[in-house]
Participant: 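Following this message is one structure expressed as structure tokens.
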Amino acid sequence: MQVETSSSKYGAKHYPDNIREWKKEGNYFCFYTTETILEVRVIADKIIRFRYAADGTFQRDFSYATSDTLEEAPITFGIREWEETFEIFTDVLRVFIARDNLRITITDHEGKVINQDEMGYHWQHYLLKGGKIQYCSKLVQEGECFYGLGDKPTDLNLRGKRLENYGTDAYGYQKDTDPLYRNIPFYYGLHHGIGYGIFFDNTFRTIFDFGKEREDACSFWARGGEMNYYFIYGPDLLEVAESYTRITGTPELPPLWALGYHQCRWSYYPDTRVKEVAATFRNRNIPCDVIYLDIDYMDGFRCFTWNKEWFPDPVGLIKELASQGFKVVVIIDPGIKVDPDYAVYQEGIKNNYFCKRADGALMEGDVWPGKCVFPDYTNPEVREWWSSLFKSLAESGVRGVWNDMNEPAVFEMGTFPEDVRHDYDGEEVSHRKAHNIYGHLMSKATAAGMKKYLLPNRSFLITRSCYAGAQRWSSVWTGDNVSNWEHLWLASVQCQRLAVSGISFTGSDIGGFIGEPDGELYTRWIQLAVFHPLMRTHSASNETGFNQEPWSFGPEYEKVVTKFINLRYQLLPYLYSTFWQYASKGTPMLRPLAFVAQHDVATYNCTHEFMFGDSLLISHVSEPGMKEKSIYLPAGNWYYYFNDQVYNGAQTITVPTPLDEMPLFVKAGAVLPQYPVMQYTQQIPVTEMLLHVYYGDQEVKSLLYEDAGDHYGYRNGQYNVIRFKQASSPQQFRLKKKFYVNYETTYQQYRLIVHGLPFQPTAVIIDGKKVALLPENLLADGILSFTAVRNFEEIILVAGE
Ligand code: GLC
């Protein structure tokens, strides 16, 4: 045992000494030093879990992050003994454990180092607060970049930074503010084109240092709990993302309406104002699916009540809105007003459901309703109770819930003091351990309740705070941002980062929550948000009376904003297919360029460009008055969406940025399915699905997923997966299609629009049958339009024929 000097707050640092014994049991191995035990568990070929018992005793093996359905795949693995190391191997990885000090080196079978301990595991008594600080330090590899960590509002590449996870109500945060609302202790490393991830599943305050303190060390530590991390190998970063998402759980499909446009404000009230906003959308032909009720719908901010004066007939209001195609989402905060006449308070007190301080007093603090108490969601019985409270909301027609202030936020104090006690599913812990999962479990209980009472419909949830894995039941937004241009960039970076941290269903408050955007900023923000899975305008305009709706900035902006909300609705089949890819495989919906071109170092620090799904590359217009923007395109050919101009990738190009366009590119070879514009999702049955096909001479695959857009029939196989493959050459266009179909669509035919065809054919061959093309099939130079039956398998266009 090696021990370093101590200070009064922290004890000495302890480092493991040599391995004395080892054993194998099932898929795990234990290595024993004098004090410390290392458990190495082979979860999959490419996933290894490391756990350390500092002084000989493991803690309860329990996680709020990992999915219950995580299966440990049957795999080949074994152990070899070397003079200085033990080696655990799988078909893909070799994990070396130093006999001297437990330090880990992970390589592939060619001997390439993927990840290597610097000092490795060590620990320190936390004298002041109890428990142990659990450290692990790794060597930074040559040229290594780091990504991930949830919602951090900073550059995508985290090299040189130190960041913390301790959920914080960060009103009006700025670039580099840390910590923020969410707690996602998961990062990626990328060096020599090799990608891997580390998920440190520990709910105490966690800190990550990516070469800030010591240039060659990447360390992570927690102020308590256990060193418990999953090492996830790629080498493709997207594969790491998929594995991480499978470990922490994939989401259900949202109702299709949740992918439409959402309109929010603090607050729309009374009911007549809500109706007026809804009517304005319909009168102006601006699509919208969702309207939110912020805190003022409640009676004195008491959760699960309605303000009788402003909302005398909630059921009637929601019905009326539903008849116009709107869904209503309401806010529910954790703070329960201290009021002996309020049923929720009474029940919680009677059953001892509220959090208490160390000495037994209730945890009281001020939030919107004044003095509040707070349910202990870490108690399973409290979660059950909380779920049951959503019955009446669901019965009144509410289709989605918005969980806010759940870091937890408390005025003046910021959050709970550390002495607050929590059940933690039977463990009895202090707030130090429960803080980072408070909002996580609140949202889990909310989702369970809404799901139960809304069946057979799918429900929708948005939460502000959470821990790793909340993607299983909730979407998130980036919190209280500000109406300025830097925040537009932050919104883009934060959503990309959240997406690669398992949480793709994310968006920012369009236009900014604090302050007032001008028409140009609002329009540019709408444009970016078309490509965020969650598209919601929200603003804190309660006091100023400022309006932040698509029509608030005058006709010039309204026209462009409408064009882009229309585009969102046109792209819905593509968005939904991308969501299915995420829900079924864990593939992030938003992909930073480094994640799609990791062998191209020019992408490593790109923050402005990202991919949405397999086929679209986006960059936002980032400055006022910007006339053109330079964009880095990865290798391949790219069509500029608005005029079909083709650009070669692996270089920086410049495109003009008039107000009614934005840098939006389609990958050559892709098939982009589109719906006609509707005022809300499923307003009218689709009679013809548009397939925009972009000619490309490299083989490219695309996907179309379809189901009822609501309900759970898809879980019983009632869906369609259609896979397209374009394999064209300069003389021949060839599109093949394979499908699983078990859901009856409302349309029977596709309209194909082929872009960029380098020749002019006279006929189209559909499944071997030749159909002559007429002049009206030629829409413009190189753009052909024709129909094909839904079950076609192959379409060929030949030069000269
Ligand atoms: C918080 C939320 C914000 C909401 C407000 C009032 O600041 O982040 O979105 O509008 O509270 O409920």
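When a ligand or atom number is given, it counts from 1 through the structure's own listing order.
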Participant: Can you tell me the protein heavy atom closest to atom 7 (O) of ligand 1 and the distance?
Facilitator: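 For this ligand atom, the closest protein heavy atom is Asp480 OD2, 2.7 Å.
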
Participant: Would you mind checking if Asp376 and Arg383 are paired as a salt bridge, meaning a charged N to carboxylate O distance below 4.0 Å?
Facilitator: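 Salt bridge flag = no for Asp376 with Arg383.
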
Participant: For residues Val482 and Tyr173, report the shortest heavy-atom separation together with the two atoms involved.
Facilitator: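 Minimum heavy-atom separation between Val482 and Tyr173: CG2-O, 4.2 Å.
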
Participant: Determine whether the side chain, the backbone, both or neither of Tyr181 has a heavy atom under 4.0 Å from any heavy atom of ligand 1.
Facilitator: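 Contact part for Tyr181 vs ligand 1: neither.
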
Participant: Just jot down the ligand 1 atoms closer than 4.0 angstrom to any heavy atom of Arg464, in number order.
Facilitator: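 Selected atoms, number and element: 1 (C), 2 (C), 7 (O), 8 (O).
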
Participant: For atom 11 (O) of ligand 1, find the nearest protein heavy atom and state the residue, atom name and distance (0.1 Å precision).
Facilitator: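 Minimum-distance protein heavy atom for atom 11 (O) of ligand 1 reads Asp404 OD2, 2.9 Å.
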
Participant: Should the pair Tyr353 and Trp385 be assigned to parallel (<30°), tilted (30 to 60°) or perpendicular (>60°) ring geometry?
Facilitator: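 The rings of Tyr353 and Trp385 sit tilted, inter-plane angle from 30° to 60°.
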
Participant: Taking atom CZ of Phe411 as the centre, does the number of heavy atoms from other residues, nucleotides or ligands within less than 6.0 Å exceed 12?
Facilitator: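 Enclosed: over 12 neighbouring heavy atoms sit under 6.0 Å from CZ of Phe411.
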
Participant: Closer than 4.0 angstrom, basic N to acidic O: yes or no for Glu164 and Arg182?
Facilitator: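 Between Arg182 and Glu164 there is no salt bridge, as every charged N stays at least 4.0 Å from the carboxylate O atoms.
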
Participant: Using heavy atoms and a threshold below 4.0 Å, how should the contact between Asp333 and ligand 1 be classified: side chain, backbone, both, or neither?
Facilitator: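 Asp333 to ligand 1: no contact under 4.0 Å from either part.
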
Participant: Under a 4.0 angstrom heavy-atom cut-off, which atoms of ligand 1 come close to Ile331?
Facilitator: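 Those atoms are 12 (O).
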
Participant: Going by heavy atoms, is Tyr171 under 4.0 Å from ligand 1?
Facilitator: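 No, that is not the case, since the closest heavy atom of the residue is not under 4.0 Å from the ligand.
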
Participant: Tell me the protein heavy atom at minimum distance from atom 12 (O) of ligand 1, and give that distance in Å.
Facilitator: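 The answer is Asp294 OD1, 2.6 Å.
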
Participant: Would you mind checking if Arg536 and Asp509 are paired as a salt bridge, meaning a charged N to carboxylate O distance below 4.0 Å?
Facilitator: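 Looking at Arg536 together with Asp509, the answer is yes, because their closest N to O distance falls below 4.0 Å.
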
Participant: With under 30° as parallel and over 60° as perpendicular, where do the rings of Trp266 and Phe513 fit, or are they tilted in between?
Facilitator: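 The arrangement is parallel - the two ring planes meet at less than 30°.
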
Participant: Which bit of Trp477 gets closer than 4.0 Å to ligand 1, counting heavy atoms only: side chain, backbone, both or neither?
Facilitator: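 Contact part for Trp477 vs ligand 1: side chain (C-beta onward).
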
Participant: I need the atoms of ligand 1 closer than 4.0 Å to a non-hydrogen atom of Ile295, numbered in the order shown.
Facilitator: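 Matching atoms, with element in brackets: 6 (C), 12 (O).
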
Participant: What residue and heavy atom of the protein are closest to atom 9 (O) of ligand 1, and at what distance?
Facilitator: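 The answer is His538 NE2, 3.0 Å.
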
Participant: May I ask you to establish whether Arg205 and Tyr166 are in a cation-pi arrangement, using a distance under 6.0 Å from NZ or CZ to the six-membered ring centre and at most 45° from the ring axis?
Facilitator: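 Here Arg205 passes the 6.0 Å and 45° test against Tyr166.
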
